[in-house]
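Residue numbers count from 1 along this sequence. We count ligands from 1, going down the list as the structure has it; atoms in each ligand are counted the same way.
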Amino acid sequence: MKLHILGCGDAFGSGGRNQSSYLVEATDKLFLLDCGATTLPAFKRAGFDPRRLDAILLSHLHGDHFGGIPFFFIEFLFLQPRTEPLVIAGPQGTEEKVRALFQVMYGGSTMNKEIPPTRFVLLHPDETANLDGIAITPFRVPHQSDAISLGLKVGCEGKTILFSGDSLWMQRFVELADGADLFLCECSFFREQPGMHVNYQTLATDLNRLRCKQLVLTHLGEEVLSRRNEIAAVVAEDGMVLEI
Ligand SMILES: [Zn+2]
Ligand SMILES: [Zn+2]
């Protein structure tokens, strides 16, 4: 199984990086973890046909994590129609926000425009959802005060990926990372600062307790990028392909 890093930047495009998106390529499945605004061009640059996409799993409903979905919708409406529904799974409010965003961006002025065939799946914290061979165990993470943000533990073809979503560092990540094949952990900052995000200095105090096979830091801001030579972990790059 491979994971293609389509976007490892933050909301601000720091370092010229794309917004959050990771493509999981399994033998039988092709799915995204998050879908920031820059995802469709990055997906095409990686050489994939959008019609092959089975599902988009969303950690939370900030624009740099779901703002790219309307571009996939217009791809399926105007360029490459699909018959099998695209599955979109995310926290409470996902269906309403995705539909509303599409209407704002590409809807008609008087009538709502139909979206392509889509099946929405609501993810509940600590309840495993099974989507045709993809097992998702979402868990709540501290990131937004007015909405639910999730981290995702995803199992597929015998492999496990732990994705932090956007979150403050929390001890639960240490437990959840135990035995994971890949821990994709956001690291927006190097030192502690305001904003509900991981900073490297805090994460570093737990580095030797993480028992995952691979740790990759992502969702990188300018300050952490400027100090990357002080980081004792793999730092993501757009276009990087990880063997899991
Ligand atoms: Zn973000
Ligand atoms: Zn966020």
Fill in: Of the N, O or S atoms in D166, the one nearest the Zn ion (ligand 2)
OD2
Fill in: Atom of H65 nearest the Zn ion (ligand 1) (restricted to N/O/S, atom name only)
NE2
Worksheet item: Using 30° and 60° as the class limits, which term best fits the ring planes of H62 and H60: parallel, tilted or perpendicular?
Response: perpendicular
Worksheet item: Under the criterion ring-ring contact (aromatic ring centres under 6.0 Å, His included), which of F73, F71, F72 is the partner of F102?
Response: F73
Worksheet item: When you look at I148 and R140, which way does the side chain to side chain contact (heavy atoms under 4.5 Å, CB included) test go after all the steps?
Response: CA-CA 7 Å; I148 291 176; R140 261 195 103 151; 3.7 Å; yes
Item to complete: Could you confirm whether H219 has any N/O/S atom lying under 2.8 Å from the Zn ion (ligand 1)?
Response: yes
Discussion item. Tell me which N, O or S atom from H62 is the closest to the Zn ion (ligand 2).
Written reply: ND1
Fill in: Rounded to 10 degrees, the angle NE2 of H60 makes with NE2 of H143 at the Zn ion (ligand 2)
100°
Item to complete: Have a look at D64 and say which of its N, O or S atoms is nearest the Zn ion (ligand 1).
Response: OD2
Item to complete: Examine the side chains of H143 and S149 and answer whether a donor and an acceptor come within less than 3.5 Å of each other.
Response: no
Worksheet item: Can you find a heavy atom in the side chain of V235 that is under 4.5 Å from one in the side chain of L220?
Response: yes
